[in-house]
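The block underneath contains the structure these notes are about, expressed in structure tokens.
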Amino acid sequence: MGKTVLVVDDSPSMRQMVAHTLASSGFAVVEGGDGADALKKLAGQPVQLIITDLNMPVMDGISFIKEVRAQPKYKFTPVLMLTTESQASRKQEGRAAGATGWLVKPFHPEQLLAVVKKVLP
Amino acid sequence: MKIDIAQFAQAFFEEAKDHLAQLESSLLELEKRPQDAELLAAIFRAAHSIKGGSATFGMTEVARFTHELEGLLDELRAGSLQLTRGLSDLLLEAADALAGLLESAKSSAPAPASVEPLLERLKAARAAPGAAACAKPEAVIESQSAAAEYRISFAPSAGIFCSGGDPLLVLRDLGELGEVRELRADYASLPPLEELDPEKCHFSWTLVLSTKKPESEVRSAFVFVEDVAQISIERAVAVAEKAAAPSMPQARASDTGTLRVATSKVDKLVDLVGELVIAQSMISGALELVPPAIQLRVREALAALERHTRDLQEGVMSIRMLPVSQLFERFPRLARDLARSLGKEVELQLEGGDTELDKAVLDQLADPLTHLVRNAIDHGLETPADRVAAGKPAKGTLRLRAAHQGGAVSIEVSDDGRGLDGARIRKKAEQLGLIAPGEPLTEAQEQELIFRAGFSTAAQVTDVSGRGVGMDVVKRNIEALDGAVSLRSAPGRGTTCAIKLPLTMAILDGLRLRVAQQTFVLPLIAVLESFRPREADLRRVLGQGEIVMLRDEPVPLVRLHRIFDLPGDEDARRGLVTVVDAGGVRVGLLVDELLGQSQVVIKSLEANFRRLDGVAAATILGDGQVALILDPPALARMALGPSAEVRHAA
């Protein structure tokens, strides 16, 4: 059975790009526009991987990752964060919140798939 | 597998436009509240999103510029830099430049020359010079002729699972780099079963990996676990080797939350729904031809169809509806820049931004509204010194307010400035010979004069708004949208320009009426009242044509059948007079019969036939007949001549 990935980013184009790339590789994709929205989506169906932007309105990525990790169901689910090179300190913050890995923007679809492979069994 | 990311670039441009608008409006807001952390975060986020997207979609110029901008914003956010007026100007300038850069990226044109110097200024403005270059995607060095052997030990910390890490994945990654010659798991630290915490990792591994890939790639297998594991990698001997390529599963379609669609597609849909409404009316009209036995069933089915069609129509129309805030958001910048260049102070208040209007109406509203805002700041508001002298606060207030008003939308531009200058308008009117010297001028006449073509009082001409585009153009623009515009003014207290607009330009609430054997439609928004004239109400005024008395006030009478050359009833007492607001002037239209109200789908006459005087558009009625939609202001001009507007304003 195909795996479901939750993609969280406030930028629709970024989301589209990530979603399209993942869908082309056989993943089912659920999208969230910010952390709070994504938590709602998460309640709706189980996902096997979460990819989240950090800078978002309403609920940012770090708070979102903490919320995810607080749910027993998602204690060990891989979470990838999308960061930029100017956010090195945020990488640490994200890791402390429970992020599994990260992807530095800008990235190519191929890079995304490579990183996904790194964290998804 | 190669994925073409260019297909998402269009969405990015749309998005970037929104981010830019957000950036600009927040920057303006920031001037008022320089310490507002949320505003700063919003600004930073907007720049950040543009940077991220532009880099992803290969727009290096945009990414490079946004990177500098973002660095500067970051310092503002961190508090190491304070917002000054100069910095605020620079940031706004940068936002403009960014818009230009995006435009050139869109058309694949080279970046504007003004960008480089601005980039330097952005760099110079930063307190601490940041990293100058944008990170490039890492170049991957593919093959190396000789394979090397690495001795690797990997000891994850007990809590590695808690961040979603999985040591087995690391081992799998390593396996894909080459051949694992030796692999040993060390479970010496595994506790007895009763003490075992299954959420902790108790293993460590040592292995020998033979690979042709560079050491950096071997290390990159550990990239996500290096802070939650002890890792050592030692290079041993070189051998020849080859790596296997991973396979890719099949493609699938994805779904998205929102969709950006070309306007033309929506318009096509609106057209089709319009046709559907017409077709349905035709069925309704033919209902009596259905055998009585099944008429009830057909009627029920038709009722259901009507309900769904109405929902469909509303649904389709709502796609075209956009919040007025899209238009309003350009004004804070405009007001700020204009006020600054005129040495005035203005506080812009925006209200009702969530009021929705048809996109076409919104687009065409931009120019007239811009003109009104310019006018208000240039002519309406006084200089701070004058205001203080008049006992008002030095800072003037300009308010843009949108609201629903029945089936229409009203938009008001009001200032608390000096109001209309009656004396100056009088003088100008006398000069033009529009009124006799000394003749009193009513307020309504004053307003009519302002809306007249070429009417501009001398002192009005400044380099800001006195460029030959006057209020007459505003009026014409608004009337082209089937709207109406009016002015209210109180000396010393300010001026309000009120615009009333239909919600949409695709469907019209109309009053159907009959003249001879023809059906016409009047925009309901223009209809004031209808009555049957008595003999005593009808008069002929020398040189002014026919008038009809409406509660002791003379209203010019337009016999529609004469305008359209139809064999109508000459005896006005057998007809009805429908009084309409023809752009601030009241005109009585003589018709034979009123048929009722209905929503009609507007069809352009120019596009389907040709322009006709006095007619705004056409429509197809339920029975399939074509009916002309009347244009009251044009009818008034045709019947009374252009000068009549002012004479009859009272």
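Each chain gets a letter, A, B and so on, in the order the sequences are listed, and its residues count up from 1.
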>> Could you check whether any side-chain heavy atom of B/K51 comes within less than 4.5 Å of a side-chain heavy atom of A/K105, counting everything from C-beta outward?
In response: no
> Any side-chain heavy-atom pair from A/F76 and B/D166 closer than 4.5 angstrom?
Replying inline: no
Does any backbone or side-chain atom of [X] lie under 4.5 Å from a heavy atom of chain B? Answer side chain, backbone, both or neither.
{"X": "A/I65", "result": "neither"}
{"X": "A/V119", "result": "both"}
{"X": "A/I50", "result": "neither"}
{"X": "A/T77", "result": "backbone"}
{"X": "A/D9", "result": "neither"}

Measuring from atom [atom1] of [X] to atom [atom2] of [Y], what distance do you get when rounded to the nearest 0.5 angstrom?
{"X": "B/F161", "Y": "A/K75", "atom1": "CZ", "atom2": "NZ", "answer": "12.0 Å"}
{"X": "A/D53", "Y": "B/R45", "atom1": "CG", "atom2": "CZ", "answer": "10.0 Å"}
{"X": "B/E15", "Y": "A/D10", "atom1": "CD", "atom2": "CG", "answer": "8.0 Å"}
{"X": "B/H19", "Y": "A/S11", "atom1": "NE2", "atom2": "OG", "answer": "5.5 Å"}

>> If you apply the rule side-chain contact (heavy atoms from CB on, under 4.5 Å), what do you find for B/F57 with A/M17, and how did you get there?
In response: CA-CA 10 Å; B/F57 300 120; A/M17 199 271 266; 4.2 Å; yes
> Yes or no on side-chain contact (heavy atoms from CB on, under 4.5 Å) for B/S49 and A/N55, after CA distance, side-chain angles and deciding distance?
Replying inline: CA-CA 8 Å; B/S49 296; A/N55 254 307; over 6 Å; no
>> Under the criterion side-chain contact (heavy atoms from CB on, under 4.5 Å), I'd like the reasoning laid out for B/V223 against A/K118: C-alpha separation, chi angles, the key distance, then a yes or no.
In response: CA-CA 9 Å; B/V223 62; A/K118 264 189 184 312; 3.8 Å; yes
> For the residue pair B/R172 and A/L120, what are the closest heavy atoms and their distance?
Replying inline: NH2-O, 3.2 Å
